[in-house]
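Here is the structure we will look at.
Residues: numbered from 1 along the sequence shown.
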Amino acid sequence: MSYLSNKRLFNKYKIYLLPFVIVLVVLYLWTYFLQPKISDIVTARQELAKGQKRLADLTKKAVELQNFDNPELKEKFAVLDSAVPSEKDIAGFLLGIQRIANEASVSVGLIEVAPGLVSTGSAEKKPQQDQPVTAKVTIKGTFPAIRDFISKTIQARRLIKIDGLSLSGSVAQKADQPISLALSVSIYFQPLPTSLGAISAPLENFTPEEEELYQRIKTYTYYSYFQSGPLPEAVQSGGVIPVGKVDLFNP
């Protein structure tokens, strides 16, 4: 094409050139500047809405925590921990069995406990499992005394399940003679939670059924403690039986 032809063609379409350039500039600015900024603004607004909701939940939770009765919470924890300890507490189980036996007038013989592994060869503590500890307890006494022992064990605060009974000796048929009885028991415990969940999660209160169960547990006699000092009143509320000396090292 000649120069004049090109010039005529340019003059014919030059009115469309400026809008075309403007459209290209707008598309470029939209793609590389405006669209990312708008996306950032939308994302920031969404995050702000989530943050405001979380703040409202936390504020509500803080108010609920302030309204909680601290002594009441401590009392409930003390009672429930005495029923289902956060650790295996084999010593507490042995002491409780001995106290119940003394009160029921039976003698305790061999006690075999299978606590399971609690550490590795390098003495690193292994995570506790919530499976019950199994034990075998041998007692001797008259039939009424043994019946009293079993009844008190079942009604004791510490959660223990009697899985099986085994009588031994030919005198087992004579109710007025001392008999030997082996009990297979499960000793329950519940490790404390390692996580309290999401901070913004709502607080869980006692249901009416749980409150009723707690009041029942509170009335049960608590045997598994050493008398080296006073217990919280909440723990003693079910009654405790003072057996033996307070200090075993003093005459």
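- Considering CG of L48 and CD1 of I41, their distance stands at 13.0 Å, rounded to 0.5 Å.
- Interatomic distance, NZ of K218 versus CG of L80, reported as 10.5 Å (0.5 Å rounding).
- Remark: side-chain polar atoms of S151 are not paired, donor with acceptor, to backbone N or O of R147 under 3.5 angstrom.
- The two atoms that bring K140 and P178 nearest to each other are CE-CB, 4.2 Å, heavy atoms only.
- Between atom CG of residue L94 and atom CD1 of residue I97 there is a gap of 8.0 Å, rounded to the nearest 0.5 Å.
- Each of Y188 and F77 belongs to its own hydrophobic cluster when Ile, Leu, Val, Met, Phe, Trp and Tyr are linked at side-chain heavy-atom distances under 4.5 angstrom.
- Interatomic distance, Y220 OH to I154 CD1, rounded to the nearest 0.5 Å: 10.5 Å.
- Residues I217 and L159 have side chains not in contact (no heavy-atom distance under 4.5 Å, counting atoms from C-beta outward).
- When all heavy atoms of A104 and A145 are compared, the pair lying nearest together is O-CB, 3.3 Å.
- By the 6.0 Å contact criterion, CD on E212 is open, its count of non-hydrogen atoms from other residues, nucleotides or ligands being 12 or less.
- Across all non-hydrogen atoms, the minimal contact from V108 to A101 is CG2-CB, 3.3 Å.
- Judged by the 6.0 Å and 45° rule, K76 forms a cation-pi pair with F206.
- Just one residue in the list R99, E103, Q98, K152 forms a side-chain hydrogen bond (donor to acceptor under 3.5 Å, both in side chains) with Y223, and that residue is E103.
- You'll find the side chain of V133 stays beyond 4.5 Å of the side chain of F93, heavy atoms only.
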Query raised in the report: So I187 and R158, side chain to side chain contact (heavy atoms under 4.5 Å, CB included) or not? Walk me through it.
Result: CA-CA 8 Å; I187 312 163; R158 178 75 183 268; 3.1 Å; yes
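- In this structure, the separation between CD1 on I139 and CD1 on I150 is 6.0 Å, given to the nearest 0.5 Å.
- Atom CZ of residue F149 and atom CG of residue N102 lie 10.0 Å apart, to the nearest 0.5 angstrom.
- Side chains of E112 and T138 form no contact here, defined as non-hydrogen atoms less than 4.5 Å apart.
- Contact annotation: the side chain of T153 never approaches that of L183 to less than 4.5 Å [non-hydrogen atoms, C-beta and beyond].
- Taking each heavy atom of S186 and D163 in turn, the nearest pair found is OG-OD2, 2.6 Å.
- The side-chain heavy atoms of S184 and T134, taken from C-beta on, include no pair separated by under 4.5 Å.
- Nearest heavy atoms, G141 versus V106: CA-CG1, 4.4 Å.
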